[in-house]
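Read the structure below first, then the notes.
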Amino acid sequence: MKYDYLIVGAGLFGSVFAHQAVKKGKKCLVIDKRPHIGGNVYTEEVEGITVHRYGAHIFHTSNKRVWDYVTSLAEFNNYINSPVAVYGGEAYNLPFNMNTFSKMWGVTTPAQARAIIDKQVKEAGVSSPQNLEEQALSMVGADIYHKLIKEYTEKQWGRDCRDLPAFIIKRLPLRFTYDNNYFTDKYQGIPVGGYTQLIEKLLEGCTVKLNCDFCENKAQLAWQASQIIYTGAADRLFGYVLGKLEYRTLRFETEVLPTDNYQGNAVVNYTSHAQPYTRIIEHKHFEFGAQPKTVISREYPSEWKDGSEPFYPVNDQKNNALAAEYARMAVEKGYILGGRLADYKYYDMDKVIANALALADKIL
Ligand code: UDP
């Protein structure tokens with residue numbers, strides 16, 4: 001066999017594993033069906049601005065090993081994610097914090113904000129939340145739920161909030177300080193110049209083949225390596241024999257505008273049904289850009305159909321059970337699965353890297 005590893009998918013998981021393998025003297029063939037490396041962290045330059053082609057990727061972690069790893073490959077800037085939510089012409093800071101509460105109710109102290117939230121939570125009368133709506137009402141009360149959560153979430157997931165699992169909303173922190181930093185992790189930033197060059201570094205020493213679809217060329221590809229690491233969709237790997245996993249996909253409308261500053265922030269969420277998109281990313285602000293023009297991307301979520309890019313797993317019971325079945329099949333057939341897509345999990349980037357490092361530690 002020509003290679004020790006055939007790595008299907010040149011995204012974060014595959015690239016990190018490949019990097020570790022090459023360091024151990026292994027020969028790796030990395031293939032991707034897209035015409036570029038990086039998976040969904042892929043960035044490209046437009047008008048001198050780094051554009052996140054598949055949506056905002058803000059790196060954050062509390063895992064020292066992961067942080068040391070990525071910063072050894074690329075320089076990270078000090079970008080802190082502080083999104084703004086626009087509802088009916090008003091702008092609110094996220095995550096929900098004293099700036100948000102002050103704008104919403106005219107309060108100034110944590111005690112005043114708490115009193116209002118406690119009252120609204122009590123009025124909601126939810127004791128054990130069974131769905132996302134109940135979870136939100138029992139955490140933040142009706143005002144915040146209606147202005148900042150309900151319609152955004154329905155646009156994002158294409159489902160009524162009462163039909164969505166509660167855990168999705170646990171990603172939204174609530175705090176009683178004037179702190180707009182969305183994440184609570186110890187380390188945060190964006191690789192200067194984008195993610196693509198970081199992935200290029202990871203793939204040094206590997207053979208990379210783009211526009212190469214494993215599922216369509218299994219017979220020719222499989223014999224080339226003694227072990228296959230597969231990071232694509234597991235249902236597709238097996239021709240959907242047990243049925244299809246559901247995903248949410250995103251469509252981006254990207255525009256170059258002749259202004260130096262369109263919205264004053266990298267991420268602005270539109271939390272009302274009045275706009276069909278969920279957010280607008282103004283890419284230059286990720287790197288504090290001073291270019292004369294700007295590039296914005298409006299983000300439209302929709303249900304995944306064959307041929308579109310899967311972005312978010314829909315982790316309800318039915319899909320999770322099906323994903324577990326496919327994972328068992330993969331093990332039986334000798335594949336190693338990894339990454340957000342193959343694992344069918346709503347991972348952040350640092351988790352994907354940690355998992356790839358752990359796999360490398362285990363098998364190399
Ligand atoms: N969310 C919300 N209002 C917002 C932003 C997020 O209700 O302004 C909810 C929504 O349900 C979303 C979840 O929080 O699916 C997680 O959002 P986040 O932006 O953290 O996730 P990402 O899409 O960046 O992975």
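Quick note: numbers below take in every heavy atom, side chains included, and nothing from hydrogens, waters or symmetry partners. Whatever order the structure lists ligands and atoms in, that order sets their numbers, starting from 1. Quick caveat: nothing in here was measured; it's all calculated off a predicted structure.
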Does NZ or CZ of K345 fall inside the cone over Y347's six-membered ring, less than 6.0 Å from its centre and within 45° of the axis?
-> no
Taking only heavy atoms of Q156, which atoms of ligand 1 are found under 4.0 Å from at least one of them?
-> 15 (O), 23 (O)
Quick one: look at I149 and ligand 1, take heavy-atom pairs under 4.0 Å, and tell me if it's side chain, backbone, both or neither.
-> both
Pairing of D213 and R236 as salt bridge, 4.0 angstrom limit | yes
Atom NZ of K23 with >12 non-hydrogen neighbours under 6.0 angstrom = yes
Which ligand 1 atoms does Y312 reach within 4.0 Å, using its non-hydrogen atoms?
-> 22 (P), 23 (O), 25 (O)
Distance-only N or O hit between ligand 1 and Y152, under 3.5 Å = no
Closest to atom 13 (C) of ligand 1 (heavy atoms only, candidates I168, V84, V86, V268) is I168
Are R114 and F176 in a cation-pi setup, meaning NZ or CZ lies under 6.0 angstrom from the ring centre and within 45 degrees of the ring axis?
-> yes
Indicate, as side chain, backbone, both or neither, the part of R279 found under 4.0 angstrom from ligand 1 when only non-hydrogen atoms are considered.
-> side chain
Of the listed options D348, T153, V140, I144, closest to atom 7 (O) of ligand 1 (non-hydrogen atoms) = T153
State the atoms of ligand 1, each with its element, that fall below the 4.0 Å cut-off from a heavy-atom position in Y346.
-> 16 (C), 21 (O), 22 (P), 23 (O), 25 (O)
Pull out every atom of ligand 1 sitting under 4.0 Å from any heavy atom of L94, numbered as shown with elements.
-> 8 (O)
One finds that the ligand 1 atoms under 4.0 Å from a non-hydrogen atom of N269 are 4 (C), 5 (C), 8 (O)
Would you say T271 and ligand 1 have an N/O pair spaced under 3.5 Å apart?
-> no
Decide whether a cation-pi geometry holds between R34 and Y54; the criteria are a distance under 6.0 Å from NZ or CZ to the six-membered ring centre and an angle within 45° of the ring axis.
-> yes
Connected-component partners of V46 among ILVMFWY, side-chain separation under 4.5 Å | I49, V51, V256, V295
Proximal atoms of ligand 1 relative to Y182 (non-hydrogen, under 4.0 Å) | 17 (O), 18 (P), 19 (O), 20 (O)
Distance col, row R279:CZ vs R298:CZ, nearest 0.5 angstrom, shows 15.0 Å
With sequence neighbours left out, which residue pairs that include part of residues 177-192 fulfil the salt bridge (charged side-chain N to carboxylate O under 4.0 Å, His left out) condition?
-> R175-D179
Ring-face cation contact, Y312 with R248, 6.0 Å cut, 45° max = no
With heavy atoms under 4.0 Å as the rule, classify the contact between L164 and ligand 1 as side chain, backbone, both or neither.
-> neither
